[in-house]
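The shown structure was predicted, so the numbers you read here are calculated from the model rather than taken from an experiment.
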Amino acid sequence: MFVILVALVLLLIVPGLIIYGHVILRRGAKIFFPNRPKTAKILAWVLTAGYAAALVCIFNVSAIFALYFALFSALADGIYLLIRLMTKSPKLLSGAKKLLHSGILPLGVTCVILTVGAVKMFFPVTAEYRLSSPKTRESFNVVFISDTHFGTIQRPSVLEESCKKLNSVSPDVLILGGDIVEEGTSREELTRAFEILGSVKAKYGVYYVFGNHDRATYSPSADFGEAELLSAIEAAGITVLRDSSVSLPCGVSIVGREDASVSSRADISSLVAPLPKEDLIIVADHQPRDGEACAAAGVDLLLSGHTHGGQIWPLRWLFRLVNSPVYGEYDYGGCKMIVSSGFTGWGYPVRTQGRCEAVLVSVRPE
């Protein structure tokens, strides 16, 4: 249904964007070649063909470039309309027309935004949260990393350096929230990813839950399968939690859920029921859902990723319009959900909304 909806939206929007793109490019060509109409016309059609090709390549950064160019061109048109309403000065109108209708300004803004977005991929931050609870007897630091999509966008050194820095906060536990690897990850990169993450010195260990990409099920030509994945995880000394849990001696229980893409995954209430009632209960679930069910089951903290915090502006705001958890803290009546923007992006090598991050949750006695 989602794929059909996206296809319908694209069928409705893309033709309109191509027509608008031609108007923009034809207008700009006339400004640059005022005395050569034939040259301007040919150039406009050539550029329109390239623009249309960029839009059709929806999973390529060229599509983002084309969309942003159209958006900022529309904004430039709006500014020019306001200027026309505010002044009748021929000189001012001529200058504004050359600046706003030539396409230079939208092109420049688009290039700057995408360049900054590409650079942001390589400088992840640590997002810090606090949780106070009467259940905990001592301070407890949880580090959560999800969505590294290792080997596809970031250099391996980015994850290596971040893991070294995370050791300085003395994490009690490291939870890997899924999509650590994906279809584009090679078998060598698969091994390296978990070696790096397994090197984090967490007092009570490193735990992993599946995401929707880890098993590489979306591509028949993937370099590894579930057997190789589990072998690499276990070789790194990482514990897999798949609809299972672990109770730590410090009074904290961690539940790892199977990904929501697996229809047979267990109900959260059945996973929490056997745990000590006095324990602080942390649930790791790759996709941010079941907040109400977790609260009803007595969960204190729910950690998720998957959304990449929107990644491409304005997706985060669209998620929020439909009231879907996309990034940050959410309260479900005693259960705090934290949704990470992920350690890197997916699909596009740019991030124009939010930051790449690891999450640090400081749990303190109430």
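To the nearest 0.5 Å, atoms CD1 (Ile113) and CD1 (Ile64) are separated by 12.0 Å. In this structure, CD1 on Ile282 lies 5.5 Å from CD1 on Ile175, to the nearest 0.5 angstrom. Rounding to the nearest 0.5 Å places CG of Leu166 at 7.5 Å from CG of Leu174. In this structure, the separation between OG1 on Thr191 and CZ on Phe150 is 10.0 Å, given to the nearest 0.5 Å. Here the CD-CE distance, from Gln311 to Met121, works out to 4.5 Å after rounding to the nearest 0.5 Å. One finds the CG atom of Leu107 at 9.0 Å from the OG atom of Ser73 (value rounded to the nearest 0.5 Å).
Residues Cys335 and Leu302 share a closest heavy-atom pair of SG-CB, 4.1 Å. Between Gln353 and Pro314, the closest heavy-atom pair is OE1-C, 3.8 Å. Contact detail for Ile180 and Ala193: the closest heavy-atom pair is CG2-CB, 4.5 Å. Taking every heavy atom of both residues into account, Asp243 and Arg265 meet most closely at OD2-CA, 3.3 Å. Nearest heavy atoms, Ala52 versus Ile18: CB-CD1, 3.8 Å. Closest of all the heavy-atom pairs between Gly305 and Val339 is O-CG1, 3.9 Å.
Looking only at distances, a side-chain donor or acceptor of Ser199 sits under 3.5 Å from a matching main-chain atom of Ile196. With hydrogens and angles disregarded, no donor-acceptor distance shorter than 3.5 Å links the side chain of Asn167 to the backbone of Val200. Thr110 places a side-chain N or O within donor-acceptor distance of the main-chain N or O of Pro106, the cut-off being under 3.5 Å. In this structure a side-chain-to-backbone donor-acceptor pair under 3.5 Å is present from Ser168 to Lys165. Between the side chain of Arg355 and the backbone N or O of Phe123, at least one donor-acceptor pair lies under 3.5 Å. Formation of a donor-acceptor pair under 3.5 Å by the Asp223 side chain with backbone atoms of Arg187 is found in this model. Looking at Ser221, its side chain never comes within 3.5 Å of a backbone N or O of Ser219 through a donor-acceptor pair. Between the side chain of Lys120 and the backbone N or O of Gly354 there is at least one donor-acceptor pair closer than 3.5 Å. Put simply, the side chain of Asp147 never gets that close to the backbone of Phe343: no donor and acceptor are under 3.5 Å apart. Between the side chain of Arg351 and the main chain of Gly309, no donor-acceptor pair closer than 3.5 Å is present.
Ring geometry for Tyr204 versus Phe140: interplanar angle under 30°, hence parallel rather than tilted (30 to 60°).
Hydrophobic clustering places Phe32 together with Ile24 (ILVMFWY residues linked when any side-chain heavy atoms are closer than 4.5 Å, directly or through intermediates). Linking ILVMFWY side-chain heavy atoms closer than 4.5 Å, directly or via other members, places Tyr327 and Val143 in two distinct hydrophobic clusters. Under the 4.5 Å side-chain heavy-atom criterion for grouping Ile, Leu, Val, Met, Phe, Trp and Tyr, Leu197 is connected to Phe224 within one hydrophobic cluster. Both Trp317 and Leu71 are members of a single hydrophobic cluster when ILVMFWY side chains are connected at heavy-atom separations under 4.5 Å. Both Val252 and Tyr129 are members of a single hydrophobic cluster when ILVMFWY side chains are connected at heavy-atom separations under 4.5 Å.
Residues Leu114 and Thr352 have side chains in contact (heavy-atom distance under 4.5 Å, counting atoms from C-beta outward). Looking only at side-chain heavy atoms (C-beta outward), Ile83 and Leu100 come within less than 4.5 Å of each other. Taking the side chain as every heavy atom from C-beta outward, His213 and Thr152 never approach each other to under 4.5 Å. Leu131 places none of its side-chain heavy atoms less than 4.5 Å from the side chain of Ile338. The shortest side-chain heavy-atom distance between His306 and Pro288 falls under the 4.5 Å cut-off. The closest side-chain heavy-atom distance from Tyr68 to Ile312 is below 4.5 Å. Looking at heavy atoms from C-beta onward, Glu160 lies in side-chain contact with Ser157 at the 4.5 angstrom threshold. Using a 4.5 Å cut-off on side-chain heavy atoms (C-beta onward), Pro365 and Ser139 make contact.
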Let me see the working for Phe65 and Cys111 under side chain to side chain contact (heavy atoms under 4.5 Å, CB included), right down to the final yes or no. CA-CA 8 Å; Phe65 180 92; Cys111 288; 4.0 Å; yes
Could you walk me through whether Glu128 and Ser362 satisfy the side chain to side chain contact (heavy atoms under 4.5 Å, CB included) test, starting with their C-alpha distance in whole Å, then the side-chain angles of each, then the deciding distance to 0.1 Å, before giving a yes or no? CA-CA 8 Å; Glu128 299 187 18; Ser362 300; 5.6 Å; no
Run Tyr332 and Cys294 through side chain to side chain contact (heavy atoms under 4.5 Å, CB included) and show every step you take. CA-CA 8 Å; Tyr332 290 94; Cys294 283; over 6 Å; no
Determine, step by step, whether Leu55 and Phe69 satisfy the side chain to side chain contact (heavy atoms under 4.5 Å, CB included) criterion, reporting the C-alpha distance in whole Å, the side-chain angles of both residues, the deciding distance to 0.1 Å, and the verdict. CA-CA 11 Å; Leu55 277 173; Phe69 179 72; over 6 Å; no
In residues 273-281, what donor-acceptor pairs under 3.5 Å come from side-chain atoms, sequence neighbours left out?
from   : atom 1 : to     : atom 2 : distance (Å)
Lys277 : NZ     : Ala273 : O      : 3.3
Asp279 : OD2    : Ser253 : OG     : 2.7

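Enclosure of atom CZ in Arg320 by more than 12 non-hydrogen atoms of other residues, nucleotides or ligands within 6.0 angstrom is indicated. Residue Asn323 places its CG atom among 12 or fewer non-hydrogen atoms of other residues, nucleotides or ligands, all under 6.0 Å distant. Other residues, nucleotides and ligands contribute more than 12 heavy atoms inside 6.0 Å of the CZ atom of Arg364. Within a 6.0 Å sphere centred on NZ of Lys97, other residues, nucleotides and ligands contribute 12 heavy atoms or fewer.
Checking Glu188, Glu189, Glu195 one by one against Arg192, the salt bridge (Lys or Arg N to Asp or Glu O under 4.0 Å) holds for a single residue, Glu195.
Taking the ring centre of Phe210 as origin, the terminal cationic atom of Arg215 falls inside the region bounded by 6.0 Å and 45° from the ring axis.
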